[in-house]
Amino acid sequence: CEEKCPVDAITKGEHGVAEIDFNKCISCGCCVAACPFGAVLERSQVVDILRVLKNGRRVVAITAPAVVGQFSAPLGKLISAMKKLGFADVVEVALGAEKTAIEEAEELMERLSKNESFMTTSCCPAYIQTVRRHMPEMMPHISDTPTPMHYTGEMVKSKDPQTLTVFIGPCVAKRREAMEDSCVDYIMTFEELASVFEAAGIDPAQCEEEKELHEASAEGRGFALSGGVANAVKSALGGEREIRTACINGTSKSEIARMRSYAKNGGPFDLLEVMTCTGGCVNGAGVINRDLKAREEIKKLVSESKKIKQ
């Protein structure tokens, strides 16, 4: 756990017990994923979510693009299974990702017109915490565009402000982001969703397939994979201008040093995508499957999806 932490926030105390310095912690979940004993845990909101599902409130699940490949069922069956749990509706966060890509494309063009050296994408909350706590020199380069989670929650609440939103995804850092976002009420990881399915006796593979999907774009669904965010922003530009992109594919001490160099000297790119988890959100700390099959399922869904609207 100590070796995996990119910011030296977890160490062994004098008695050999792990201690976390929360002034350094970026909530990335690297220690959660790496601990061989499962001893590093987060405070779960599952009980709170189950309570509101049962008390008659309208609750909508907003699901991260990485959800496909986590369960042995296609997206339509997964949505049907979540509705069986009591969710009034299920909306893909890929829809919010489309808006993020379009807004970031416009923001990038504005920044480049002012001769700024580059911009970084803003979708990873662990990256934002890394900048706030360890790389303040990178702050001027962070995109001001809200994340896909925010835009999706905003979309749901604009129809009914009393609706409660539950973000279901692979990322434990989203809990910190949600604390600062009035559009998202609760966070649940894929691991937690799997445990709720099991407790409720629901097998997504055996559910009927939901036909009425809120159709999301290929680019929005591709946010789950490393390089997907930068690709979506380029696509949103529609050839307006050729931009150079680069990706930090997994935050580590060496990559933090590289980003500090970029903040000081710039780099051979206009847009820098930063993924704290190697491979992208598909390898977040709250996933069930980390293997190639999960990535292939996302790529398959992306290939079957429509292109982003210009």
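Note that these values count all heavy atoms, side chains included, but never hydrogens, waters or copies made by symmetry. Keep in mind that this is a model prediction, so the values were computed, not measured.
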Decide yes or no for [X] and [Y]: does some side-chain heavy atom of the first lie under 4.5 Å from some side-chain heavy atom of the second?
{"X": "Pro148", "Y": "Cys123", "answer": "yes"}
{"X": "Lys293", "Y": "Glu296", "answer": "no"}
{"X": "Leu193", "Y": "Leu85", "answer": "yes"}
{"X": "Met109", "Y": "Arg241", "answer": "yes"}
{"X": "Lys307", "Y": "Ser235", "answer": "no"}
{"X": "His134", "Y": "Gln129", "answer": "no"}
{"X": "Cys281", "Y": "Pro65", "answer": "no"}
{"X": "Arg290", "Y": "Val282", "answer": "no"}

query = Counting only heavy atoms not in Glu208, do more than 12 sit closer than 6.0 Å to its CD atom?
reply = no
request  = Take Ser143 and Thr121 through the test side chain to side chain contact (heavy atoms under 4.5 Å, CB included) and record every step on the way to the result.
outcome  = CA-CA 6 Å; Ser143 167; Thr121 59; 5.7 Å; no
query = Are Glu192 and Ile168 close enough, and set up right, to give a side chain to side chain contact (heavy atoms under 4.5 Å, CB included), and what steps lead you there?
reply = CA-CA 9 Å; Glu192 290 171 333; Ile168 300 177; over 6 Å; no
ask   = In terms of side-chain heavy atoms, does Glu107 have a donor or acceptor partner in Thr145 at a distance below 3.5 Å?
value = yes
ask   = If we ignore angles and hydrogens, is there a donor and acceptor under 3.5 Å between the side chains of Asn283 and Thr278?
value = no
Compare every heavy atom of [Y] with every heavy atom of [X], then report the nearest pair and how far apart it is.
{"X": "Cys1", "Y": "Ile10", "value": "O-CG2, 3.6 Å"}
{"X": "Ala64", "Y": "Gly169", "value": "CB-CA, 3.8 Å"}
{"X": "Cys5", "Y": "Ala9", "value": "SG-N, 3.2 Å"}
{"X": "Ile288", "Y": "Gln70", "value": "N-OE1, 2.7 Å"}
{"X": "Cys28", "Y": "Thr276", "value": "CB-CG2, 3.7 Å"}
{"X": "Ser117", "Y": "His141", "value": "OG-CE1, 3.3 Å"}

Rounded distance (nearest 0.5 Å) linking atom [atom1] of [X] with atom [atom2] of [Y]:
{"X": "Glu255", "Y": "Arg260", "atom1": "CD", "atom2": "CZ", "value": "12.5 Å"}
{"X": "Ser217", "Y": "Lys306", "atom1": "OG", "atom2": "NZ", "value": "5.5 Å"}
{"X": "Thr165", "Y": "Tyr186", "atom1": "OG1", "atom2": "OH", "value": "9.5 Å"}
{"X": "Ile298", "Y": "Ser305", "atom1": "CD1", "atom2": "OG", "value": "11.5 Å"}
{"X": "Glu273", "Y": "Asn231", "atom1": "CD", "atom2": "CG", "value": "9.0 Å"}
{"X": "Leu108", "Y": "Thr245", "atom1": "CG", "atom2": "OG1", "value": "10.5 Å"}

query = Would Asp8 and Lys253 count as a salt bridge (Lys or Arg N to Asp or Glu O under 4.0 Å) if you check the C-alpha gap in whole Å, the side-chain angles of each, and the deciding distance to 0.1 Å?
reply = CA-CA 9 Å; Asp8 296 323; Lys253 293 180 177 67; 3.2 Å; yes
Which Ile, Leu, Val, Met, Phe, Trp or Tyr residues join [X] in one cluster when any pair of side-chain heavy atoms under 4.5 Å counts as a link?
{"X": "Val47", "answer": "none"}
{"X": "Met155", "answer": "Val60, Ile62, Val91, Val93, Leu95, Met149, Val156, Phe167, Val184, Ile187"}
{"X": "Phe118", "answer": "Val7, Ile26, Tyr127, Ile128, Val131, Met135, Met138, Met139, Ile142, Ile248, Ile256, Met259, Tyr262, Phe269, Leu272, Val274"}

message = Taking side chain to side chain donor-acceptor pair (under 3.5 Å) as the cut-off, I'd like each qualifying pair that reaches into residues 150-161, sequence neighbours left out, listed once.
response = His150-Asp181, Lys157-Asp185, Asp160-Thr163
Taking [X] for the side chain and [Y] for the main chain, is one N or O donor matched with an acceptor at less than 3.5 Å?
{"X": "Arg133", "Y": "Cys25", "answer": "yes"}
{"X": "Arg295", "Y": "Gly279", "answer": "no"}
{"X": "Glu297", "Y": "Ala294", "answer": "no"}
{"X": "Glu92", "Y": "Arg221", "answer": "no"}

Are [Y] and [X] connected in a single hydrophobic cluster, I mean Ile/Leu/Val/Met/Phe/Trp/Tyr linked by side-chain heavy atoms less than 4.5 Å apart?
{"X": "Phe223", "Y": "Leu301", "answer": "no"}
{"X": "Val32", "Y": "Phe190", "answer": "no"}
{"X": "Val68", "Y": "Val302", "answer": "yes"}
{"X": "Val67", "Y": "Val46", "answer": "yes"}
{"X": "Val172", "Y": "Val166", "answer": "no"}

message = With a 4.0 Å cut-off on N to O distance, would you call Arg43 and Asp48 a salt bridge?
response = no
inquiry  = Closer than 4.0 angstrom, basic N to acidic O: yes or no for Glu210 and Lys83?
reply    = yes
message = Checking Lys84 against Asp203 for the salt bridge (Lys or Arg N to Asp or Glu O under 4.0 Å) test, could you report, in this order, the C-alpha distance in whole Å, the side-chain angles of both residues, the deciding distance, and whether it holds?
response = CA-CA 10 Å; Lys84 279 191 172 185; Asp203 180 359; over 6 Å; no
key: Worked verdict on Glu98 versus Glu219 for side chain to side chain contact (heavy atoms under 4.5 Å, CB included)   = CA-CA 7 Å; Glu98 294 173 16; Glu219 289 84 355; over 6 Å; no
For residues 11-21, which side-chain N or O atoms pair as donor and acceptor with protein atoms under 3.5 Å away, sequence neighbours left out?
from  : atom 1 : to    : atom 2 : distance (Å)
Asp21 : OD1    : Asn23 : N      : 2.9

key: Evaluation steps, side chain to side chain contact (heavy atoms under 4.5 Å, CB included), between Glu104 and Val229   = CA-CA 10 Å; Glu104 281 202 336; Val229 181; 4.2 Å; yes
request  = Given salt bridge (Lys or Arg N to Asp or Glu O under 4.0 Å), test Glu180 with Arg132 step by step and report yes or no.
outcome  = CA-CA 14 Å; Glu180 302 174 3; Arg132 288 177 178 175; 3.3 Å; yes
message = Can you list everything that forms a ring pair (Phe, Tyr, Trp, His ring centres under 6.0 Å) with Phe197? Sequence neighbours excluded, please.
response = Phe71
ask   = How far apart are the C-alpha atoms of Glu110 and Lys114, what are their side-chain angles, what is the distance that settles it, and do they pass the salt bridge (Lys or Arg N to Asp or Glu O under 4.0 Å) test?
value = CA-CA 7 Å; Glu110 183 179 349; Lys114 295 177 181 177; 3.3 Å; yes
